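Here is the structure we will look at, set down as structure tokens.
All figures in this text were calculated on a predicted structure; none of them were measured in a lab. The analysis underlying the following values was restricted to heavy atoms, covering all of them including side chains, and did not include hydrogens, waters or symmetry mates. Reminder, nothing fancy here: chain letters follow the sequence lines and each chain counts from 1.
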Amino acid sequence: MRLSRYFLPVSKESPADAQIISHKLMLRAGLIRQTAAGIYTWLPLGYRVLRKIEQIVREEQDRAGAIELLMPTMQSAELWRQSGRYDAYGPEMLRIKDRHDREMLFGPTAEEVITSVFRDSARSYRDLPRTLYNIQWKFRDEVRPRFGVMRGREFLMKDAYSFDMDETGARHSYNRMFVAYLNTFARMGLRAIPMQADTGPIGGDLSHEFIVLAPTGESDVFYHSNWEKPAALTDVDFDDVDGLRSIVGGYTADYAATDEKRDEAREAEAGDALRQSRGVEVGHIFYFGTKYSSAMGMKVQASDGSEVIPHMGSYGIGVSRLVGAIIEASHDDAGIIWPESVAPYKVGLINMRADHEGCAAACDDLYRKLEAAGVEVLYDDRDERGGAKFATMDVIGLPWQIVVGPKGLERDVVELKNRATGEKIELSASDALAKMAQRATA
RNA sequence: CGGGGCGUGGCGCAGCCUGGUAGCGCAUUAGACUGGGGGUCUAAGGGUCGCAGGUUCGAAUCCUGUCGCCCCGACCA
């Protein structure tokens with residue numbers, strides 16, 4: 001993409017409304033614009049990041065054996081009356097009437113929809129277990145939206161729902177998601193710590209919140225220093241019940257708890273290794289037994305002919321919130337530092353002198369070759385001074401910058417800069433191309 | 001939902017107390033110079049001061065209402 005033809009409104013100053021760093025940077029870097037309280041338009045650059053994150057979530061859900069579908073944003077009140085939640089949910093649910101005066105709502109979650117859909121088609125134990133998920137916009141009419149996309153009213157959520165014949169099966173489904181979540185966040189460069197959590201209005205007795213450490217987080221959290229080691233992907237067979245259980249057991253062995261769930265004995269045990277921080281909740285998983293399946297009359301026939309009420313769990317990831325959480329965890333004074341896995345473009349190509357014939361030709365050539373090699377490149381071909389271009393690239397946080405200028409070209413070199421480390425090396429344009437092409441396919 | 005604050009060119013703000021020609025910085029446009037970390041000079045464009053009503057000869061300014069947004073607290077993927 002040529003910057004001269006793109007829509008990327010960046011600015012030096014951020015609106016006074018923005019309080020926390022991720023919100024300020026998302027506005028300054030031209031990622032989002034607010035449309036109403038807690039409701040945002042995703043500008044081109046921000047939307048690319050959102051889709052990258054969404055795709056990682058999707059791939060890890062698929063790997064864990066979950067199946068994607070798409071449920072509507074609008075739901076009928078009737079469905080929520082079946083579960084008894086229509087009255088229980090309260091003013092956070094946005095209620096709407098259609099032209100026939102029928103009561104509708106903008107879905108804050110989808111237990112009712114999925115249970116109804118699956119209930120009407122699943123007849124036998126052969127149809128189970130299944131975990132179904134979708135990535136869809138949700139609306140929760142928060143009393144006080146704030147912190148940009150970290151706490152919006154409209155937000156993109158991945159929500160998964162598992163159906164099993166019994167609690168043992170349900171716990172395995174739960175463990176699948178537990179490990180899938182660790183892998184999902186690790187791929188985004190985040191260390192997300194699973195913590196024992198309250199189940200809240202969703203109900204049930206087994207629940208973990210996945211929390212990313214950040215000083216601006218909304219929850220106080222306590223954890224063992226073992227959690228400070230960098231996040232690593234776990235290569236697992238998701239069908240291996242015992243193997244998965246022991247992996248989850250291993251992860252939960254190290255103490256980690258939110259403020260409400262602190263355990264004095266375990267904190268004493270951790271001793272000097274106990275750490276305190278603030279955190280952002282990026283995922284939450286629940287096992288809640290037959291709460292919805294029984295309320296909504298879901299039954300399937302077991303192999304012995306008896307009727308069984310399936311056990312369920314639900315599993316959420318705040319996809320749009322993750323954009324903010326990643327920035328909270330990865331930025332510096334100059335701007336955002338995107339992990340390569342979610343960066344909107346891999347590399348920013350800076351033409352130091354748009355008016356310089358040789359320089360422009362070299363840049364155009366390198367740009368074409370990068371695109372042909374499948375490297376996502378944002379080419380700053382504007383007639384601006386170098387300083388302005390550096391500042392733009394730094395604030396939008398692309399992982400790599402290739403700087404092409406007349407001085408370097410005299411010696412047949414370009415400069416490759418790593419945004420995260422600030423390290424700069426000189427190399428030939430073809431070497432820079434090769435290096436970027438290699439990273440694009442890695 | 002309780003408490004507090006703010007709405008003035010795209011963004012950040014001043015002006016309001018004490019009513020009288022709407023201003024500054026950044027950004028934008030044009031030209032010139034300049035060219036490796038947000039350049040300089042010159043010129044220019046852009047605002048019915050959130051909206052509605054009231055007071056007044058006259059309202060950004062005073063009064064009433066209303067809408068929107070933000071902050072603290074309680075609640076949340």
Side-chain angles (χ1 to χ4, degrees), chain A residues 9-20 23-24 27-28 30 33-39 57 89-93 107-110 135-160 181 192 197-198 200-202 207-212 217-219 258 260 279-286 314-325 333-335 350-356 359 380 382-395 401 403-410 413-415 417 422 424 426:
Chain A
V10 299
S11 63
K12 276 189 219 176
E13 289 175 306
S14 54
D17 291 349
Q19 298 292 310
I20 65 169
H23 190 193
K24 288 180 182 172
L27 292 165
R28 281 192 53 209
R33 284 295 182 268
Q34 178 165 304
T35 298
I39 300 175
V57 170
Y89 209 91
E92 223 175 84
M93 185 154 74
T109 179
I135 299 172
Q136 175 64 292
W137 292 92
K138 302 293 189 291
F139 195 94
R140 294 184 189 173
D141 201 1
E142 295 278 350
V143 194
R144 187 151 95 83
R146 64 185 123 169
F147 302 148
V149 300
M150 299 268 281
R151 173 91 80 88
R153 292 195 294 172
E154 187 181 54
F155 58 96
L156 187 60
M157 181 166 97
K158 185 285 298 180
D159 43 319
Y181 275 34
D198 275 326
I202 292 186
S207 175
H208 283 90
E209 288 180 17
F210 287 76
I211 296 204
V212 173
E218 295 192 73
S219 334
T258 57
E260 313 83 73
V280 179
E281 181 182 354
V282 291
H284 201 159
I285 61 179
F286 302 88
S314 76
Y315 316 90
I317 289 179
V319 176
S320 47
R321 171 180 282 187
L322 274 166
V323 179
D333 289 344
I350 294 179
N351 179 357
M352 288 301 294
R353 289 286 300 275
D355 64 332
H356 186 286
C359 200
D380 194 343
R382 299 170 304 164
D383 186 11
E384 294 284 342
R385 294 175 74 93
K389 295 189 175 191
F390 289 132
T392 296
M393 283 300 172
D394 284 350
V395 78
Q401 297 171 14
V403 183
V404 179
K407 290 181 185 174
L409 287 179
E410 283 172 16
V413 296
V414 300
E415 183 183 279
K417 176 182 158 186
K424 299 172 188 172
E426 290 192 333

**OP:** Name all residues meeting the side-chain hydrogen bond (donor to acceptor under 3.5 Å, both in side chains) criterion together with A:K158; count only those two or more places apart in sequence or in a different chain, and write none if there are none.
**Re:** A:Q61, A:Y181

Original post:
Can you name the residues that form a side-chain hydrogen bond (donor to acceptor under 3.5 Å, both in side chains) with A:D355, not counting sequence neighbours?
Top reply: A:R353

Subject >> side-chain hydrogen bond (donor to acceptor under 3.5 Å, both in side chains) against A:Q401, all qualifying residues, sequence neighbours excluded >> reply: A:D394

**OP:** For nucleotides B:G4 and B:A74, find the distance between their C1' atoms and express it as a whole number of Å.
**Re:** 16 Å

Original post:
Along nucleotides 66-73 of chain B, 5' to 3', which nucleotides get a B, which get an S, and which get a -, given that the test is a protein heavy-atom distance under 4.0 Å?
Top reply: ---SSBBB

Original post:
Contact class for A:E281 (heavy atom, under 4.0 Å): base, sugar-phosphate, or nothing?
Top reply: sugar-phosphate

Could you list the donor-acceptor pairs under 3.5 angstrom formed by side chains in residues 143-151 of chain A, with sequence neighbours left out?
| residue | atom | partner | partner atom | Å |
| --- | --- | --- | --- | --- |
| A:R151 | NE | A:E218 | OE2 | 3.4 |
| A:R151 | NH1 | A:E142 | OE1 | 3.1 |
| A:R151 | NH2 | A:E218 | OE1 | 2.7 |

Subject >> Whole-Å gap separating P (B:A74) and CD (A:E260) >> reply: 12 Å

Original post:
Taking the same atom, P, in B:U21 and in B:G58, what whole-Å distance lies between them?
Top reply: 15 Å

Original post:
What integer number of Å spans the P atoms of B:G9 and B:G47?
Top reply: 11 Å

Subject >> Rounded distance (Å) that lies between atom C1' of B:C76 and atom CZ of A:R321 >> reply: 7 Å

Subject >> Separation of the C1' atoms in B:A59 and B:G68, to the nearest angstrom >> reply: 22 Å

**OP:** Just jot down the side chain to side chain contact (heavy atoms under 4.5 Å, CB included) partners of A:A391, sequence neighbours excluded, or say none.
**Re:** none

Subject >> Pairwise C1' distance for B:G25 and B:U8, with rounding to whole Å >> reply: 15 Å

Extract from the structure each pairing of a protein N or O with an N or O of nucleotides 30-37 of chain B at less than 3.5 Å, listing the distance.
| residue | atom | partner | partner atom | Å |
| --- | --- | --- | --- | --- |
| B:U34 | O2 | A:R385 | NH1 | 2.5 |
| B:G35 | O2' | A:R353 | NH1 | 3.0 |
| B:G35 | O6 | A:D355 | OD2 | 2.5 |
| B:G35 | N2 | A:D383 | OD1 | 3.3 |
| B:G35 | N2 | A:E384 | O | 3.4 |
| B:G36 | O6 | A:G405 | N | 3.3 |
| B:G36 | O6 | A:G405 | O | 3.2 |
| B:G36 | O6 | A:G408 | N | 3.2 |
| B:G36 | N2 | A:E415 | OE1 | 3.3 |
| B:G37 | O6 | A:K417 | NZ | 3.2 |
| B:G37 | N1 | A:D394 | OD2 | 3.1 |
| B:G37 | N1 | A:K417 | NZ | 3.4 |
| B:G37 | N2 | A:D394 | OD2 | 2.2 |

**OP:** Could you tell me which residues satisfy side chain to side chain contact (heavy atoms under 4.5 Å, CB included) with A:A388, sequence neighbours excluded, listed by chain and number?
**Re:** A:E384

Subject >> C1' spacing across the pair B:G7 / B:C51, given as an integer number of angstrom >> reply: 11 Å

**OP:** Applying side chain to side chain contact (heavy atoms under 4.5 Å, CB included), name anything that partners A:S219, two or more places apart in sequence or on another chain.
**Re:** A:I211, A:V221

Original post:
With both distances under 3.5 angstrom, what nucleotide forms a Watson-Crick or G-U wobble pair with B:G23?
Top reply: B:C13

Subject >> For A:E281, side-chain hydrogen bond (donor to acceptor under 3.5 Å, both in side chains) partners two or more places apart >> reply: A:H284

Subject >> C1' atoms of B:A60 and B:G19, separation to the nearest Å >> reply: 10 Å

**OP:** Give none if B:G73 has no partner; otherwise give the nucleotide forming a Watson-Crick or G-U wobble pair with it, both distances under 3.5 Å.
**Re:** B:C1

**OP:** Describe the nucleic acid contact of A:G335 in one word from base, sugar-phosphate, nothing, applying a heavy-atom distance below 4.0 Å.
**Re:** nothing

Subject >> Length of the OH-P vector between A:Y315 and B:A77, whole Å >> reply: 16 Å

Could you list all N or O pairs between the protein and nucleotides 23-27 of chain B that sit under 3.5 Å apart?
| residue | atom | partner | partner atom | Å |
| --- | --- | --- | --- | --- |
| B:G25 | N2 | A:E13 | OE1 | 3.1 |

Subject >> Rounded distance (Å) that lies between atom C1' of B:A77 and atom CG of A:D141 >> reply: 15 Å

**OP:** Identify the nucleotide, in any strand shown, that forms a Watson-Crick or G-U wobble pair with B:A30, with both distances under 3.5 Å; if there is none, say none.
**Re:** B:U42

**OP:** Searching all strands shown, indicate the nucleotide that pairs with B:G47 (Watson-Crick or G-U wobble; both distances under 3.5 Å).
**Re:** none

Original post:
So what's B:G7 paired with, Watson-Crick or G-U wobble, going by both distances under 3.5 Å?
Top reply: B:C67

Subject >> Residue list, side chain to side chain contact (heavy atoms under 4.5 Å, CB included) with A:K138, at least two apart or on another chain >> reply: A:N134, A:Q136, A:F155, A:M157, A:D159

Original post:
Across the strands shown, which category fits A:T392 at heavy-atom distances under 4.0 angstrom: base, sugar-phosphate, nothing?
Top reply: base

Subject >> Complementary nucleotide of B:U56, counting Watson-Crick and G-U pairs under 3.5 Å >> reply: none

Subject >> Partner nucleotide of B:G37 by Watson-Crick or wobble geometry (both distances under 3.5 Å) >> reply: none

Subject >> Interatomic distance at C1', B:G23 relative to B:C33, whole Å >> reply: 30 Å

